[in-house]
Amino acid sequence: MKARTLGNVWSVAALSVITVACSTPPPPQELISARQEVQAALADPNTASAGAVRMQQAQKSLAAAEQAYADRESMEIVRQDAYLALRNAQIAREQAAEARSREKVANAEAERNRVLLEARTAEAEEARTQAARNAESVAAAEDEAERLRRELSELKAEQTERGMVLTLGDVLFDTNQATIKPGAMVNLERVSSFLVRHPDIRVIIEGHADSRGTESYNLSLSERRAQSVKNALVGYGVNDARINLVPRGESFPVASNATATGQQQNRRVEIVFSDAKGGFNVAAQRL
Amino acid sequence: MRRLCTPGLVLVVSVVGCASAPDPEPDIARAKTQVEEAQQAGAGAFSSLQLQSATTNLQQAQIAAERGDEKRATDLAQRAELDAQLADAMMRRQQADKAAAEISVGAAALKEEADRARQLSPPPAAPIPSTNSREGMP
């Protein structure tokens, strides 16, 4: 083409006007821009995949523009092909950039799902561990309560609604006195040692009397007997802040006051034990 | 064909060579569709210069066609079409960029939250609930 063109130029018309027209002009700005843009697009690693079609068109148009320029065809043709090359290369680069951003979105979404899944897994794991821990501590607490019940049973305490209750009968006191008989002290020593070993447990010491004599005398006697028991426990090392003293007088008989045996049963001191944490079953306590 | 319209040949085959320019109407119609689509998609907000160039080239193509300059009309229509396509590509790219920026912010926040949740030491074993209480001591 080039050879023929030149041949035509020289053979068909040796006019000066034509020779001027055929002298090598500087490349038009469009061609320079197109070259640069196609170069930049080729350097972009993503245009080959995301902008493949446009790259092909850009290169084809640029080649046509270069050819037209080399052949010294009209600048209009060079400019037109260069323009098409420029635009296609620009589109290819935009497509490549868009593909990169879309990939980022896809990756971020995948990462987001991974993090969410991880968090959910961790949560489930934590819930499982917590449940196991709770079950363990419940079991441990049950074991502890059972052990305490057994120990208190050995001290002759009995399970009641109010908690474990140890009853010190009338025979353990001197008649009409608050003095504890020496034989009873052994059991109180064991109670004290139990309380010292379990410092969270609290006790209520209730003094009770029968209905003989005046109410105030009975109240006073029940209080003095309860106080004696408290003194004994404190004497064995139990902190007196753990002990509540309640004189009950004759209000809570456990047997009939009509017989001597019943009266003797009603003269008593009760030690009510709290649970392992120092709590009482409040609703069940006497008012 | 247009290669025949070189300066050297103009004198010899001039009118014959250049008169066979293609009918610009299909190119104009295609360019018109592309420009309208880009406008409707809102490309103007992302690539106003390119869209402006598209409409200008389209108008010039139509004017050239009206005055019978078919070659010029075809060239301008092709330019308008590519201008519109570039405007559209720029819009899509910027929308994707925006989505990527937003999701990476969201992902960072999520990850931070997950890390913080992980670092929180497991809470101590819950105390055994008790119906009993020291408060009600007689």
Side-chain angles (χ1 to χ4, degrees), chain A residues 1 5-6 8-9 12-13 15 18 21-22 68 71-74 76-77 80 83-84 87-88 90-91 94-95 97-102 104-105 108-109 111-112 115-116 118-119 122-123 126 129-130 133-134 136-138 141 202 204 244 246 274-275 277-283 285-287, chain B residues 2-3 5-12 47 50 57 71-72 74-76 78-79 81-83 85-86 88-108 110-111 113-115 117-118 120 122-128 130-138:
Chain A
M1 188 63 105
T5 306
L6 287 174
N8 286 340
V9 168
V12 175
L15 294 168
I18 293 167
C22 289
D71 291 350
R72 301 180 190 185
E73 294 190 43
S74 96
E76 276 314 299
I77 292 172
Q80 177 67 13
Y83 194 91
L84 303 185
R87 284 304 194 219
N88 275 309
Q90 285 172 327
I91 292 170
E94 292 295 331
Q95 288 173 335
E98 182 193 341
R100 274 193 290 275
S101 283
R102 289 205 184 286
K104 263 187 221 157
V105 171
E109 271 168 2
E111 171 68 6
R112 184 167 161 275
V115 170
L116 280 178
E118 222 171 61
E123 245 167 55
E126 174 56 25
T129 327
Q130 186 61 46
R133 256 203 305 271
N134 286 348
E136 261 172 40
S137 56
V138 165
R202 296 156 59 91
I204 301 169
N244 264 49
V246 189
S274 75
D275 65 17
K277 303 275 179 196
F280 287 94
N281 185 355
V282 177
Q285 299 304 318
R286 289 167 170 151
L287 295 173
Chain B
R2 63 190 183 196
R3 293 285 149 78
C5 300
T6 51
L9 282 181
V10 170
L11 294 177
V12 182
S47 45
Q50 288 70 19
N57 278 327
K71 176 75 181 86
R72 183 84 185 130
T74 302
D75 282 1
L76 287 167
Q78 286 175 355
R79 288 185 179 214
E81 185 181 0
L82 280 172
D83 289 340
Q85 288 172 346
L86 176 60
D88 183 66
M90 288 173 75
M91 174 184 70
R92 290 173 191 280
R93 191 259 299 162
Q94 288 174 61
Q95 285 170 340
D97 285 352
K98 191 160 171 273
E102 279 168 5
I103 202 164
S104 67
V105 168
L110 182 72
K111 192 163 190 314
E113 196 176 310
D115 288 345
R118 229 197 318 275
L120 284 180
I128 306 304
S130 170
T131 52
N132 301 342
S133 157
R134 290 165 191 250
E135 265 81 57
M137 290 286 291

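What's counted below: heavy atoms across the whole structure, side chains too, no hydrogens, waters or symmetry copies. Just so it is clear: chains get the letters A, B, ... in the order the sequence lines come, proteins before strands, and each one is counted from 1.
- In this structure, the portion of A:E111 lying under 4.5 Å from any heavy atom of chain B is its side chain and not its backbone.
- Here the straight-line distance linking atom OG of B:S47 with atom CD of A:Q90 works out to 11.0 Å at 0.5 Å rounding.
- Contact count versus chain A (heavy atoms, under 4.5 Å) is highest, among B:R92, B:Q50, B:Q95, B:E102, for B:R92.
- Of the atoms belonging to A:E118, it is side-chain heavy atoms, and not backbone ones, that fall under 4.5 Å from chain B.
- For the 3.5 Å distance criterion, the side chains of B:R79 and A:Q80 qualify, holding a donor opposite an acceptor.
- Contact annotation for A:A97: both backbone and side-chain heavy atoms come within less than 4.5 Å of a heavy atom of chain B.
- Separation of atoms CD (B:Q94) and OG (A:S101) is listed at 10.5 Å; rounding is to 0.5 Å.
- Contact of the A:Y83 side chain with the B:L76 side chain is not registered, since no non-hydrogen atoms from C-beta on lie closer than 4.5 Å.
- B:L82 and A:N88 make their closest contact through CD2-OD1, 3.4 Å (heavy atoms, listed as atom of the first residue, atom of the second, distance).
- The side-chain heavy atoms of B:R72 and A:E76, taken from C-beta on, include a pair separated by under 4.5 Å.
- Annotation: side chain of B:I103 is not in contact with side chain of A:K104 (no heavy-atom distance under 4.5 Å).
- Heavy atoms from other residues, nucleotides or ligands lying under 6.0 Å from CZ of A:R100 number more than 12.
- For the atom pair CD of B:Q85 and CD of A:Q95, the computed distance is 9.0 Å after rounding to the nearest 0.5 Å.
- Rounded to the nearest 0.5 Å, atoms CE (B:M90) and CD (A:E98) are 12.5 Å apart.
- Scanning all heavy atoms of the two residues, the minimum distance from A:V105 to B:A96 falls at CG2-O, 4.3 Å.
- Using a 4.5 Å cut-off between heavy atoms, B:D83 touches chain A through backbone and side chain atoms alike.
- A salt bridge does not link A:R87 with B:E81: none of the charged nitrogens is closer than 4.0 Å to a carboxylate oxygen.
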